[in-house]
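For reference, the structure is listed below as structure tokens.
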Amino acid sequence: MHVRLSASWTDPRGTVWASGDTVDVDAVTLAELEEKGMVEQPTGTGSTETTTTTTTTPPKKTDPSKIGPGPSAPPADTKDD
């Protein structure tokens with residue numbers, strides 16, 4: 001798995017990687033790096049977890065003085081004399 005480092009790191013083979021480098025690591029190494037906070041994570045996501053984001057529309061504000069039949073309401077009953 002390719003991950004971007006947020007800090008410099010020396011891999012088990014002795015290769016030194018700088019912050020911002022993208023490296024290919026296995027799941028165990030990834031977990032170790034994440035535990036140490038050395039892996040950059042895009043906003044709102046986790047590399048080892050599945051997240052679902054739901055966007056909701058905020059409710060519309062109502063004006064209590066305008067509650068009731070609107071302009072499309074039928075005319076009131078009137079008696080013809």
Side-chain angles (χ1 to χ4, degrees):
M1 170 176 289
H2 288 278
V3 295
R4 184 176 308 274
L5 298 172
S6 61
S8 59
W9 172 66
T10 303
D11 70 16
R13 293 182 300 244
T15 304
V16 178
W17 300 91
S19 176
D21 286 348
T22 302
V23 296
D24 187 24
V25 296
D26 60 20
V28 173
T29 304
L30 174 61
E32 291 171 355
L33 291 172
E34 285 181 333
E35 185 177 311
K36 295 175 184 176
M38 297 179 70
V39 177
E40 286 185 13
Q41 301 210 8
T43 306
T45 62
S47 60
T48 60
E49 61 185 50
T50 303
T51 57
T52 303
T53 304
T54 305
T55 303
T56 58
T57 305
K60 293 181 180 179
K61 294 181 181 179
T62 58
D63 183 352
S65 65
K66 295 184 178 180
I67 294 175
S72 62
D77 292 335
T78 58
K79 292 185 179 182
D80 292 328
D81 288 284

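Everything numeric here is computed off the predicted structure, so don't read it as measured data.
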Practice item. Considering non-hydrogen atoms only, spot the tightest contact between D24 and H2 and give its length. Key: CB-CE1, 3.7 Å
Exercise for review: Hey, could you give me each pair passing salt bridge (charged side-chain N to carboxylate O under 4.0 Å, His left out) that has a residue in residues 13-22? Not counting sequence neighbours.
Suggested key: D11-R13
Study note, to complete from the structure: Residues passing the side chain to side chain contact (heavy atoms under 4.5 Å, CB included) test with T10, sequence neighbours excluded, are V16
Study note, to complete from the structure: On a heavy-atom basis, the closest approach of T22 and W17 is O-CZ3, 4.3 Å
Revision key, fill the gap. For D26, the side chain to side chain contact (heavy atoms under 4.5 Å, CB included) test, sequence neighbours excluded, returns V28, T29
Study note, to complete from the structure: Closest non-hydrogen contact found for G37 with S6 is O-OG, 3.1 Å
**Study point:** S8 backbone acceptor or donor facing S19 side chain under 3.5 Å
**Key:** no
